Amino acid sequence: VDTRTQAIEQLYRDRFAGYCDALAAVTGNRESARDAVQEAFARALRKRRRLRREESLAPWVWSIALRAALDAHSRQGTSAAEVGDPGLPDPERDPALAAAIRSLAPRRRQIVFLRYFADFSYSEIAEACQVSEGTVAATLAQAHDALRAALTTEDVEGAVR
Amino acid sequence: MSTFNSVSEALELYVSPFEDEPQAWADVLRRASLAPEEKPARRFPRRRRLAAAALVAAVLVALGLSPVGGALAQGVFDFSAWLTGSPGEPASKEAQRAFEEERSWADFPDGPQLRRLVVTKAAGGTFELFGFRTGDSLCLRLAVEGFPNDGPTTGCAPLDELRRAEAPALAVRLDTSFGRRDVPPTEEGYVPARASASFGIVADGVDAVELKMTEGVAEASVQNNAFLAVTADPPLGLRSQELTAIGDHGERLAVALAEAPFGDYGPKAKPGVAPGPRKIERRVEGGEIGWLARREPRGVSLEAAGLDGLQIPLAGRGEVRFARVIQPDPGGIRRVVVALEYVAPNQDPPMAGTPGEWLCYSVMNKGGGGGGCSPVGRFFERGPVSLGLYTENGGDQYVVMNGLASDDVASIELYLANGERIAVPLKDNVYAIEMARTKFPARLVARDGDGRVIGIEAYNHDPLADPGPRPVAGKQRVVKRVVAANGDEGVLRVGPSTDGTRCWRVSLTGGAGGGGCLPKGFKERLALGVNNSSDAAFLSGTVAPGTTSVDVHFRNGDTVKVATTEGAVLVALTQEQVPEVVIARDPSGAEVGRQRFRRWPQ
């Protein structure tokens with residue numbers, strides 16, 4: 001087993017749930033997210049020698065996973081633009097947070113998921129989403145403000161505690 | 001803890017449903033093997049590889065990275081003068097006596113002997129740097145003559161920082177100001193200092209220390225394994241940004257430092273991710289501290305510690321019913337008061353807190369310290385470990401991470417950005433540990449007796465730095481002043497941010513206040529909050545564009561209409577006025593926004 005295969009397996013062990021969570025935000029479906037993650041790591045293994053920089057592994061696998069998820073949708077006749085209504089894959093576990101997450105724009109939501117669920121660093125998110133690190137920081141700051149507002153509203157109204 | 005952190009925490013505490021699913025690496029391998037292995041990338045011919053190696057070697061030589069030079073260049077930093085020796089010379093009897101008179105049991109209990117390290121004259125005064133070891137810490141104390149209103153100032157760092165040093169110098173405190181120049185204050189109320197001082201320690205072999213400032217470069221005096229840089233008549237807001245240690249072979253080595261904040265705002269935060277576990281492995285609720293509930297006499301009493309109840313948070317508003325002083329780390333310099341206090345029902349809730357018994361703690365120092373209070377039953381509502389941060393001075397390079405842990409917590413570990421993992425001493429449910437600001441982001445992880453993660457507190461950037469846009473210095477204007485019934489004043493300032501957005505800030509008598517800058521692209525909306533000065537409350541915040549007035553409805557049925565000032569609001573509240581809902585209106589009187597206020601828990 002070469003070192004790159006070991007690195008990919010380690011990434012899978014460390015971030016399986018995070019990738020599934022982040023991808024569920026894209027697919028809107030727990031099963032398809034899980035399947036896309038499996039497929040992505042398989043594709044990553046096959047293409048591992050194409051990876052140019054070791055530190056790009058996490059965003060590189062993410063981009064493959066995203067492609068795999070969108071491919072699956074396209075096979076089902078769904079375009080990327082029509083991808084469900086993404087949110088937390090299991091909203092009843094934390095209804096207040098799920099509702100707050102739903103209030104975010106999809107792009108912000110994806111960056112929040114990559115940051116918090118897939119454990120991506122700012123540079124990894126920047127690479128995965130093809131934006132600057134500054135944009136990542138600003139987007140996360142905006143998402144925090146939006147989440148804070150949404151969570152506060154929920155609390156004030158007493159809808160969810 | 002700010003709301004910002006509570007959002008982060010809400011996200012981090014979210015437990016993924018996928019956590020429960022078995023991973024299937026075998027399935028990945030099976031899927032991968034369905035397709036043929038790709039051809040390996042073509043390798044460079046041997047001749048090209050040799051050429052590349054030669055090029056790398058040439059670059060290394062050009063950069064002077066051959067093993068030539070002194071010990072510093074080889075990464076050998078000898079701090080033995082501080083770890084085991086006694087640098088400098090004994091302090092004068094007068095200096096030692098002044099130190100003895102000032103220190104208390106809660107500061108430095110083992111009677112350390114001061115060592116005189118560096119003396120320099122500047123700005124018409126004499127600056128004398130002393131050093132001493134106490135417990136597992138080293139401390140530097142800067143005494144000044146010629147500045148009658150400024151006493152000595154002391155900063156400390158853990159000795160362990162020297163044992164694992166990654167540079168031949170260590171800053172302890174930066175940009176401490178002394179005196180005030182005889183000039184009118186700026187519009188923000190600042191008066192430039194007569195002198196600014198930074199100090200720290202150096203390893204053997206360091207000949208000079210340079211501090212690159214926001215304007216110019218300061219050369220420090222280096223003697224007896226310590227450095228002291230004093231700038232006379234510094235420009236307002238002058239800050240150290242880079243520190244370079246220069247070795248006796250001319251080596252120049254960068255030393256990490258954390259910039260001091262200026263005014264209400266810190267330097268720009270560097271984005272990052274706190275390392276360490278991010279998932280709660282076992283959820284615990286309803287935490288408590290058993291010995292406190294049973295009133296067991298752990299630690300020592302306030303009297304034995306030479307303290308009085310006035311140094312406890314909430315003192316004066318609540319009756320101290322039980323208090324003990326705990327030293328969580330036998331080798332540490334920190335003492336923490338843990339107290340149960342009672343707030344009577346007839347006290348006004350916004351001023352004194354919910355009636356009933358409160359749990360308070362405070363990291364002790366002269367004149368008080370960092371800490372906090374919460375109703376006893378709610379102290380561990382958010383998790384089994386609390387996290388507070390305490391510094392004595394904005395230029396401190398070390399913060400004291402402190403807090404209480406419930407009986408569920410068996411151990412606490414601190415994960416630092418540089419990969420260090422530190423076992424945090426925990427005694428009688430109390431911890432207090434010094435941490436270098438240069439090592440943020442950091443994550444505090446609490447585990448139960450089985451090693452499962454039950455609590456996480458994280459800071460993704462240096463808490464003395466600002467994650468978002470900051471106000472442009474010199475551009476914040478006073479747009480409103482209001483005076484409360486007791487005479488306390490609130491001052492509202494508005495101005496542009498470094499990102500081109502709008503900032504607002506309210507400053508209250510006694511130093512309290514609040515405010516912020518809107519992130520770029522953020523849709524402005526009604527966002528008000530209550531700030532308390534020592535004895536008065538003020539309602540302040542920002543409103544959405546188009547809002548010209550707000551109606552503030554109070555729980556007692558009163559309503560007041562307040563005109564907005566440049567998109568912001570500032571109102572002094574009376575004791576009876578507890579906001580319930582605020583309605584924003586445009587010039588026609590139509591409602592354009594509404595904000596409800598959470599009721600105080602009873």
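Order of the sequence lines fixes the chain letters, A, B, ..., with proteins taken first and strands second; residue numbering starts at 1 for each chain. Computed from a predicted structure; not experimentally measured.
- Here the closest heavy-atom approach between residue B:A24 and residue A:R34 is recorded as CB-NH2, 4.3 Å.
- In this structure, CG on B:L29 lies 9.5 Å from OH on A:Y12, to the nearest 0.5 angstrom.
- Note on ring orientation: taking the six-membered ring where Trp is involved, the planes of A:F41 and B:W25 are perpendicular (angle over 60°, cut-offs 30° and 60°).
- The minimum heavy-atom distance linking B:R31 with A:R46 is given by the pair O-NH1, 3.1 Å.
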